[in-house]
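Notes follow once the structure below has been shown.
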Amino acid sequence: MNKPGLPQGTRDFSAVVVRKRNHIFTTIRSVFELYGFQPLETPAMENLDTLMGKYGEEGDKLIFKILNNGLDNPAKEQQAKEAFSKILSGKSSRDITERALRYDLTIPFARYVAMNFGQLTLPFKRYQVQPVWRADRPQKGRYREFYQCDADVVGSRSLLNEVELAYIYSQVFSKLRVPVTIHINSRKVLAALAEICGGEDKMMDITIAIDKLDKIGLEKVKEELSGKGLNSGQVAVIDQYLSIGGDETEKMTQLKTLLGGNASGLQGIAEIQYVLDRCRSLPAGSRLQTDFTLARGLNYYTGIIFEVKANGVQMGSIGGGGRYDDLTGLFGVPDVPGVGISFGVDRIYDVMEELQVFPDDVAAGTRVLFFNLGQTESEKAFALMQQLREKQVACELYHEQAKFDKQFRYADKKQIPFTVIIGSKEAENGTCVVKNLASGEQHTIAQAVLPDFSFQ
RNA sequence: GAGGACGUAGCUCAGUUGGUUAGAGCGACAGUUUGUGGCACUGUAGGUCGGGGGUUCGAAACCCCUCGUUCUCCCCA
């Protein structure tokens, strides 16, 4: 017998972890609902065509493909062999694989919007909390199966959406008791910078280089830019751009000086200013600030971009998002703009562990353990237990008659805070003993009033 | 896709230049005379030393291959 194991990069979640994760999920969901977003769920698998070509060349390689069934059908042996040789030469073949696990939630959402465009009330606001799969090599904080929590608005160009999304971030993290800073920038500002420094076609290179700033440092970024063909004057402009500092007013002034001559730049600056002005009263614990070094790796963003970092914790971003144009164009429905955000649950979990901000009652399981002290005793206990369950109190009856020692230890191990003891004496005179395991206090009360006992 | 580190009991790990029957702590289970737990004491179970091959009189240890885990880079959440 081989030892059982898990596929690389996947995890089991035990009770305590599931409860803590659910606390994060339900908090996020409740805030999404509060802002008028509706839930959407899509299948774990999509047609391969839907996913291929949407995430760049690297992304295609990281999609988990599903082997077709029936490949062993003798009648189709020749076809299967030809298809497989196509696979060997690096192309995918519909005769071998025509479905794949979803890689993110955005493309399935775009597919859904395109398929149902006629029926949707615009602007369409949906949220989605589901696992996604990537055939990436796992490493610290990175898995092959992980959850994404996305909220998107499509069919609206209004910047009010950006403002609301910033408030959602703020409200969620306030509820989770995680102090955060929401960084914002605009792809239009970055586009303007690219136009000034070597043209639009350099935008990708510049974006990627800037995105690495906090990882590799200013000098390395400049080196990388020179390597991509920017001359020293152009690198100097980017150096100047990355050095913008001071309070928000000063930063915006410097940005205007640098990029104000560019139409795209002006627009980006105006949009950032709008969001800044309308996010003055974010819930306590979070702040919004411009960060012109923010770039975001994904290339479909076109307007405001966000990234959220926990204050005082050494950890990458715990959320990100931004505005995109024409997400559904790939699926035949052009001109549908949108803006969305995403929460990184696994990192949020780690941050909350580090800050120790999970509420104590998150781990609450069984509240009361009924001792099993014999046939007739346990029958009484069972009947009483059912009454408590009716009152929404989580109970268990010990599974067999056993010594006190054993039953107490079971309660200890499962961190059950109360026991109810009904032995022969109690069974006879209609009472029961309620014991608080933490304090050791115990009371004898009538069985009739047990259902009204508050196990606090 | 490239490169490092590590695989010994359920868990965390010892294990001397290669040398008897591979150990500890924690955990599990049982007991310390069946109505009050956490402690303590005693005992029991649990290992093809990741797998395969090689070197050797002798391998957990040395060599090769393989599988797995983990970390870094690329990319991302």
Side-chain angles (χ1 to χ4, degrees), chain A residues 1-11 14 24 55-63 90 102-106 129-150 204 207-209 211-212 215-216 220 224 295-300 306-309 315-322 340-351 369 371-374 377 398 400-428 431-444:
Chain A
M1 252 303 245
N2 287 334
K3 279 187 187 174
L6 286 173
Q8 198 178 40
T10 65
R11 298 163 288 171
S14 60
I24 298 173
Y55 308 105
E57 213 173 299
E58 285 301 308
D60 284 354
K61 289 183 193 164
L62 300 181
I63 295 171
R102 78 165 98 74
Y103 180 88
D104 70 359
L105 300 180
T106 309
V129 179
Q130 287 189 280
V132 302
W133 294 270
R134 296 187 187 176
D136 206 353
R137 180 162 297 191
Q139 46 181 285
K140 194 179 182 69
R142 259 169 94 177
Y143 304 94
R144 288 185 148 182
E145 178 185 67
F146 60 96
Y147 273 75
Q148 289 192 331
C149 305
D150 284 17
M204 270 296 283
T207 309
I208 289 171
D211 197 39
K212 294 181 190 168
K215 225 175 186 178
I216 63 176
K220 294 263 182 194
E224 182 162 332
R296 303 276 304 154
L298 293 172
N299 53 21
Y300 52 67
F306 295 105
E307 209 155 278
V308 183
K309 286 181 180 161
M315 178 81 69
S317 71
I318 53 178
I341 56 171
S342 182
F343 287 83
V345 178
D346 293 292
R347 283 185 177 175
I348 293 172
Y349 183 97
D350 291 343
V351 167
L369 177 71
F371 273 25
N372 186 331
L373 298 168
E377 293 89 338
Y398 196 77
E400 61 189 6
Q401 185 179 351
K403 292 197 278 190
F404 272 58
D405 178 69
K406 208 161 179 185
Q407 306 199 38
F408 271 122
R409 282 172 57 168
Y410 179 79
D412 283 337
K413 278 175 198 157
K414 285 193 79 174
Q415 295 186 36
I416 299 171
F418 291 94
T419 57
V420 171
I421 301 168
I422 300 171
S424 50
K425 264 188 291 179
E426 290 81 3
E428 237 169 73
T431 60
C432 59
V433 178
V434 179
K435 177 159 183 168
N436 179 326
L437 291 201
S439 66
E441 281 178 76
Q442 62 180 52
H443 306 284
T444 302

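Each chain gets a letter, A, B and so on, in the order the sequences are listed, and its residues count up from 1. Here the structure is a predicted model, which is why all the values come from computation and not from measurement.
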- Item | Pairing of A/K61 and A/E58 as salt bridge, 4.0 angstrom limit |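 Yes, A/K61 and A/E58 are salt-bridged.
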Looking at side-chain heavy atoms only, is the closest gap between [X] and [Y] below 4.5 Å?
X      : Y      : value
A/Q407 : A/L373 : yes
A/I24  : A/F343 : no
A/I416 : A/L437 : no

- Message: Does B/U69 have OP1 or OP2 under 4.0 Å away from a side-chain N or O of A/Q8?
- Response: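 Affirmative; the distance criterion is met.
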- Does B/A77 have OP1 or OP2 sitting under 4.0 Å from an N or O in the side chain of A/Q148?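 For B/A77, neither OP1 nor OP2 has a side-chain N or O of A/Q148 closer than 4.0 Å.
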- Message: Assuming nearest nucleotide by heavy-atom distance, tell me which of A/P138 and A/I318 is located more 5' along RNA chain B.
- Response: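 Result: A/P138.
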- Task: Hey, which sits more toward the 5' end of RNA chain B by its nearest nucleotide, A/F146 or A/L6?
- Result: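 Of the two residues, A/L6 wins.
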With rounding to the closest Å, how many angstrom separate the [atom1] atoms on [N] and [M]?
N     : M     : atom1 : answer
B/A14 : B/A2  : P     : 31 Å
B/A60 : B/U21 : P     : 11 Å
B/U33 : B/G38 : P     : 14 Å
B/C62 : B/U56 : C1'   : 10 Å
B/G52 : B/G15 : C1'   : 24 Å
B/U42 : B/G47 : P     : 24 Å
B/U8  : B/U70 : P     : 14 Å
B/G43 : B/C71 : P     : 41 Å

Assign [X] to base, sugar-phosphate, or nothing according to its heavy-atom contacts below 4.0 angstrom with the strands shown.
X      : result
A/F371 : nothing
A/E58  : nothing
A/G141 : base

- Return yes if the base of B/C75 and the side-chain atoms of A/R142 contain a donor-acceptor N/O pair under 3.5 Å, otherwise no.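 Counting by modelled atom types and ignoring angles, a donor-acceptor contact under 3.5 Å is found here.
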- Which pair of heavy atoms, one from A/C432 and one from A/V420, lies closest together, and at what distance?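 Where A/C432 meets A/V420 most closely, the heavy atoms are CB-CG1, 4.0 Å.
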- List the atom of A/L369, the atom of A/A411, and the distance in Å for their closest heavy-atom pair.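 Residues A/L369 and A/A411, closest heavy atoms: CD2-CB, 3.9 Å.
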In whole Å, what is the span from the [atom1] atom of [X] to the [atom2] atom of [N]?
X      : N     : atom1 : atom2 : result
A/Y55  : B/C76 : OH    : C1'   : 13 Å
A/Q139 : B/A77 : CD    : P     : 14 Å
A/R137 : B/A2  : CZ    : C1'   : 8 Å
A/R144 : B/U70 : CZ    : P     : 11 Å
A/E400 : B/C29 : CD    : C1'   : 13 Å
A/D136 : B/U70 : CG    : P     : 13 Å
A/R11  : B/U70 : CZ    : P     : 11 Å
A/K309 : B/A77 : NZ    : P     : 14 Å

Name the pairing partner of [N], where a pair is Watson-Crick or G-U wobble with both distances under 3.5 Å, or state none.
N     : result
B/G27 : none
B/U70 : B/G4
B/A45 : none
B/A40 : B/U32

- Message: Applying the ring-ring contact (aromatic ring centres under 6.0 Å, His included) criterion to A/F371, which one of A/Y410, A/F404, A/F418 satisfies it?
- Response: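 The passing option is A/F404.
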- Item | Per A/K413 side chain, nearest of listed nucleotides B/A77, B/U72, B/A28 |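 Looking only at side-chain atoms, A/K413 lies closest to B/A28.
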- Message: Show, in sequence, the C-alpha distance, side-chain angles and deciding distance for A/D346 and A/R11, and conclude whether the salt bridge (Lys or Arg N to Asp or Glu O under 4.0 Å) test is met.
- Response: CA-CA 12 Å; A/D346 293 292; A/R11 298 163 288 171; 2.8 Å; yes
- Note on the structure: A correct 5'-to-3' footprint of nucleotides 34-46 of chain B, with B, S and - meaning base, sugar-phosphate only and no protein heavy atom under 4.0 Å, is BBBBB--------
- Query: With a cut-off of 6.0 Å (strictly less than), are more than 12 heavy atoms of other residues, nucleotides or ligands near CD of A/E428?
  - Reply: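 Open: at most 12 neighbouring heavy atoms sit under 6.0 Å from CD of A/E428.
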